[in-house]
2 protein chains.
Amino acid sequence: MVTLAEVARHAGVSASTVSYVLSGKRTISMRTRERVEKSIRELGYHPNAGARALASSKSNIIALMMPLRIDTYVPVMVEIAIAVATTARERGLDVLLLTGQEGPEAMRRVVGSGLADAMILMDVELEDARLPLVREAARPAALIGLPADPSGLTCVDLDFAATGRLCAEHLAGLGHRDIAVVGEAAAVYERRTGFAERTLQGVRERAAELGVRVLHRPCDGSYESTAGTLARIFDERPATTAMIVQNEAAIGPLLSLLRQQGRAVPEDISVVAVCPEPVATQQSVALTSVAIPAHEMGRRAVELVMDGAGAVSELLPPRLTVRASTGPAPTPTGAP
Amino acid sequence: MVTLAEVARHAGVSASTVSYVLSGKRTISMRTRERVEKSIRELGYHPNAGARALASSKSNIIALMMPLRIDTYVPVMVEIAIAVATTARERGLDVLLLTGQEGPEAMRRVVGSGLADAMILMDVELEDARLPLVREAARPAALIGLPADPSGLTCVDLDFAATGRLCAEHLAGLGHRDIAVVGEAAAVYERRTGFAERTLQGVRERAAELGVRVLHRPCDGSYESTAGTLARIFDERPATTAMIVQNEAAIGPLLSLLRQQGRAVPEDISVVAVCPEPVATQQSVALTSVAIPAHEMGRRAVELVMDGAGAVSELLPPRLTVRASTGPAPTPTGAP
DNA sequence: ATGAAAGCGCTAACAC
DNA sequence: GTGTTAGCGCTTTCAT
């Protein structure tokens, strides 16, 4: 293994000079810098991570905790994780992957041992078991998701309440007066993951202001469950002319079922989805949707946690893209 | 920060004793061990990862490289990643996440710096750009996926050739004489990811032996693409009575389209899928399928790479589960 | 602009 | 069964 000392000898300089060439923490003459860089290349030198961490008390590693429960929509989580990893690498950081199995103590272990300099927690619930540990932790942390009480914490999330309002507004503007929300699985609400509740609340709030009726029914995303949810909706509210789906898994089955039932999208039923862009565009009908800005969420989490932004909750504004799945409410039966 | 020296002082023993209590590398009297453990608990001591890595030349970190291209099926990758992380933790290892962005050099960096003791590479192509680096690397590595030339490498994968044979055999046994393979996206074949080719080859091989005709058409999994693929298949081979799908994304659209076209599953068309169990069971018709043993693949990769198994290629045997989507071939038109 | 040298916290001989 | 001690490879004062 090539060490810094060997590089120094090879270049005919002292160890500290090599170190400073690497860190850029003091000015080095062109001549020396080039000699050192040449030696580094020729010897194939890689600074030892452990030694560096020990001497500097910084591991340059950021821990990413991704619980990944059964009912979470994996692709979004992964997109966030990739954004975290990419942004981290741009700043010379590596990412340590923690899954849910080990429980909250994983945080203590990783941070206590100095393995990671900072933490990013994904899939944060309204009352998350990890929050007490985050609050008392000496190391910076960022949450992806907004807990019930974000005081003293650094959070990033899509503004789901605004998302709900935006969907309601779009549909109301098209003349819809009865809209249904095909929600997440019941377990998601029980677990009190914030985003589902917040979206629903936003929809209800704006719908109420605009005089639109809202019916919400959970859906676990399987074909059967979606069929059941749909049946309930049309049974309880036959006048329903628009739907908001915020369960990505249910989108395929939903469109399939509507087609089967002879309900045309958007002529008979308008559909707005809350989902990643690719999901919206790859369906049989391109969906009007509010994108989940997974990439930006991951990127901002790294930036906030590494730039010592202090306790900030950053809610990203939703953007609704109109595509082919929403249109004017159908005129009631009998009209021209 | 609590150090080992402080623990030693608090317990009234030497530093090495504390170290040996932690590592179990030499026998310690009950009495001393308990005193030390008590001190560790009382002081809330966590061994410093950097110091440990430096002194022992072992980081206890295993790097997981997950390229995640656009056309890979994310959930399977994630399931493998979770299995890797879980198995690693059981052995006291942590997992460093590397994505594709950084390219093969990421391996050099991570291994050269001693950041990771070993590597696991996912989504390995037949002629993978990372292989030369793996071969010359000083550290152990395991591949998930089977390259064209696995000599000198440690690999784990589902036996896709056997998978293809198994599917062909099952359908032939039910009397089908014309089967179609709804394959992966053309890009997957171009990239020469082994599994797609191997499955197809297995299907063809066994089908030939059993006198069954095979038609293969790629499919990128979108609704539109699946419709196109399906149209081509029935156009070119109207007598098709069975299909093998190995593109998870295409499963939903495929079933939806068949239903729409009035083709009943399994009465008119039998369908076998190569996909994770949950995907097979959550469709409108429970699918006969060969499961992708993601968990076992991840687990074995860690075991092989950490137990110094040497260069071994482990192909996991496929298991086909019969569900509701396959049945006897329909009797030709006009028969009783 | 560069060197010398004192640690960082731990492991693993080597002693007894 | 336990203690002593010399590094591991790097960062960072303190000097010059």
Side-chain angles (χ1 to χ4, degrees), chain A residues 1-37 39-40 43-61 92 94 109-117 138, chain B residues 1-37 39-40 43-61 92 94 109-117 138:
Chain A
M1 192 203 197
V2 188
T3 69
L4 181 144
E6 298 178 58
V7 174
R9 199 172 324 126
H10 186 272
V13 299
S14 73
S16 61
T17 298
V18 177
S19 177
Y20 284 118
V21 165
L22 253 30
S23 68
K25 285 188 182 172
R26 81 180 178 192
T27 44
I28 303 282
S29 72
M30 260 304 245
R31 204 165 151 286
T32 325
R33 148 169 283 110
E34 274 164 8
R35 269 228 310 290
V36 170
E37 281 167 350
S39 298
I40 289 179
L43 299 178
Y45 168 70
H46 285 278
N48 181 284
R52 220 169 216 197
L54 177 56
S56 67
S57 308
K58 288 192 3 187
S59 65
N60 290 314
I61 289 179
D94 271 291
R109 181 177 62 80
V110 159
V111 150
S113 67
L115 222 193
D117 297 333
Chain B
M1 193 204 196
V2 188
T3 70
L4 182 145
E6 297 177 58
V7 174
R9 199 173 323 126
H10 186 271
V13 299
S14 75
S16 62
T17 298
V18 176
S19 176
Y20 284 119
V21 165
L22 252 30
S23 69
K25 286 189 181 172
R26 83 180 178 192
T27 45
I28 303 280
S29 73
M30 260 302 245
R31 205 167 149 286
T32 320
R33 152 168 280 109
E34 274 165 7
R35 269 228 311 288
V36 171
E37 280 167 351
S39 297
I40 288 179
L43 300 178
Y45 168 70
H46 286 277
N48 181 285
R52 221 171 214 192
L54 177 57
S56 66
S57 310
K58 288 193 1 184
S59 65
N60 290 313
I61 289 179
D94 270 291
R109 182 177 60 80
V110 158
V111 150
S113 67
L115 223 192
D117 297 332

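Each chain gets a letter, A, B and so on, in the order its sequence line appears, and its residues count up from 1.
Residue-level contact check: A/Leu54 touches the bases, meaning some heavy atom is under 4.0 Å from a base atom. A/Ser23 comes within 4.0 angstrom of nothing in the nucleic acid, heavy atoms only.
A/Leu115 places a side-chain heavy atom less than 4.5 Å from the side chain of B/Ile61.
Positionally, the nearest nucleotide of DNA chain D for A/Leu22 lies more toward the 5' end than for the other of A/Arg26 and A/Leu22. Looking at which nucleotide of DNA chain D each of A/Met1 and B/Arg31 is closest to, the 5′-most match is held by B/Arg31.
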Kindly list each side-chain donor-acceptor pair under 3.5 angstrom involving residues 3-12 of chain B, sequence neighbours excluded, with atom names and distances?
| unit_1 | atom_1 | unit_2 | atom_2 | d |
| --- | --- | --- | --- | --- |
| B/Thr3 | OG1 | B/Ala5 | N | 3.3 |
| B/Thr3 | OG1 | B/Glu6 | N | 3.3 |
| B/Glu6 | OE2 | B/Thr3 | N | 3.2 |
| B/His10 | ND1 | B/Ser39 | OG | 2.8 |

Atom pairs and distances, donor-acceptor, side-chain atoms in residues 44-54 of chain B, under 3.5 Å, two or more places apart:
| unit_1 | atom_1 | unit_2 | atom_2 | d |
| --- | --- | --- | --- | --- |
| B/Asn48 | OD1 | B/Gly50 | N | 2.9 |
| B/Asn48 | OD1 | B/Ala51 | N | 2.8 |

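Rounding to whole angstrom units, CG of residue B/Leu4 and P of D/dG3 are separated by 12 Å. Rounded to whole Å, atom P of D/dG9 lies 14 Å from atom CG of A/Leu43. Remark: P of D/dC14 and NZ of A/Lys25 are 16 Å apart, rounded to the nearest angstrom.
A pairwise comparison of heavy atoms in B/Gly114 and B/Ser59 identifies O-CB, 3.5 Å as the closest pair. The two residues A/Val21 and A/Arg33 have their closest heavy-atom pair at O-NH2, 4.2 Å.
Contact of A/Arg52 with D/dT11 (side chain to base): no donor-acceptor pair of N or O atoms is detected under 3.5 Å.
A side-chain contact (heavy atoms from CB on, under 4.5 Å) with B/Val18 is found for one member of B/Thr32, B/Val36, B/Ile28 and no other, namely B/Val36.
Note that CG of A/Asn60 is 10.5 Å distant from OG of B/Ser113, once rounded to the nearest 0.5 Å.
Residue pairs meeting the salt bridge (Lys or Arg N to Asp or Glu O under 4.0 Å) criterion with at least one member in residues 20-32 of chain B, sequence neighbours excluded, do not occur.
For DNA chain C, the residues of residues 7-21 of chain B within the heavy-atom distance limit of 4.0 Å (strictly under) are B/Ser16, B/Ser19, B/Tyr20, sorted by number.
In 5' to 3' order, the nucleotides of DNA chain C bounding all contacts with chain A (an atom under 4.0 Å from a heavy atom) are C/dA1 to C/dG9.
The bend of the helix from C/dA1-D/dT16 to C/dC16-D/dG1, defined by the angle between the axes of its first five and last five pairs, stands at 30° to the nearest 10°.
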